[in-house]
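Structure first, commentary second.
All of these numbers come straight from a predicted model, not from anything done at the bench. In this chain, residues are counted from 1 in sequence order.
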Amino acid sequence: MGNRRLEIKKIEDKTARQVTFSKRRSGLMKKARELSILCAADIGVIVYSNTGKLYQYCSGNSLDTIVWRYCNYVESEGSLADGDSKEKGDYSKYLEYITSEQLLQMVERQCADNDGNLVDIVVLENQLETALLEIRTAKTHKLLKNISALQDEENELIEEKSLLEEKKIGRKNKRVKGRTLDLNVAPDDQNGD
């Protein structure tokens, strides 16, 4: 019953189409998972339903990483085929050397030159996200460094405070001992007069 040959065309019945989509999507995800386990391959699957709902599978740590690798590969293949690698440019290796303002100017130039080519826009978006991630990482690193320095300073101040309190207590004890001696001595001197 389930092994009949199915003609590949759009299913007109909305309910049947949704059921088929759900079953085939889960089968696709299962096959992707099996392939990644059996062959130790990095696999990313992105599926949008006709309602716009996103379904994704990633065999590695991040689907972004797999998409980024794919975009870089497509970009490098395209530049080799076109022979104008300087014009298209792989800016990813230079991202750490340019400022965010320069990167935004490059994005504007690319968008103006390409009239909104979707692949180029996705690549540029990924480059912006990478630059933003690097900036946030550097900022977090600096903040953690500052927090560590402030904690060290706090510990030093706490130690200094405890030393000062010990000195204060020591002086107070000397004064109290001195007063006690003075009180004991004073009545003897008055009796002798």
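- For the atom pair CD of Q18 and OG1 of T51, the computed distance is 6.5 Å after rounding to the nearest 0.5 Å.
- From T130, atom OG1 reaches atom CD1 of I135 across 11.0 Å, with rounding to the nearest 0.5 Å.
- The nearest pair of heavy atoms linking M29 to Y57 is SD-CB, 3.4 Å.
- For the pair N50 and R17, the tightest heavy-atom approach, listed with the atom from each and the gap, is ND2-NE, 3.9 Å.
- At distances below 3.5 Å, at least one donor-acceptor pair connects side-chain atoms of S162 with backbone N or O atoms of E159.
- Counting only heavy atoms from C-beta outward, the side chains of I43 and C58 never approach each other to under 4.5 Å.
- Using a 4.5 Å heavy-atom threshold, the side chains of K30 and R33 count as touching.
- Scanning for salt bridge (charged side-chain N to carboxylate O under 4.0 Å, His left out) contacts around R69 gives D42, with sequence neighbours left out.
- S148 pairs by the side-chain hydrogen bond (donor to acceptor under 3.5 Å, both in side chains) definition with nothing, not counting sequence neighbours.
- Side chain of S26 to backbone of S22: a donor-acceptor contact under 3.5 angstrom is found.
- Counting only heavy atoms from C-beta outward, the side chains of F21 and V47 approach each other to under 4.5 Å.
- In this structure, the side chains of K53 and Y48 stay at 4.5 Å or more apart for every pair of heavy atoms.
- For N146, the side chain to side chain contact (heavy atoms under 4.5 Å, CB included) criterion is met by no residue, not counting sequence neighbours.
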- Message: Run W68 and Y73 through side-chain contact (heavy atoms from CB on, under 4.5 Å) and show every step you take.
- Response: CA-CA 9 Å; W68 179 250; Y73 176 78; over 6 Å; no
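- Atom-to-atom distance recorded for T20:OG1 and D13:CG is 9.0 Å, nearest 0.5 angstrom.
- Taking NZ of K145 as the reference point, atom NE2 of H141 lies at 5.0 Å (rounded to 0.5 Å).
- Residues A41 and S59 share a closest heavy-atom pair of O-OG, 3.3 Å.
- Here the CD1 atom belonging to I147 is positioned 9.5 Å from the OG1 atom belonging to T140, to the nearest 0.5 angstrom.
- Of the inter-residue distances, the one linking K31 atom NZ with L38 atom CG reads 10.0 Å to the nearest 0.5 angstrom.
- If you chain together hydrophobic residues whose side chains sit under 4.5 Å apart, L28 and L35 fall into the same group.
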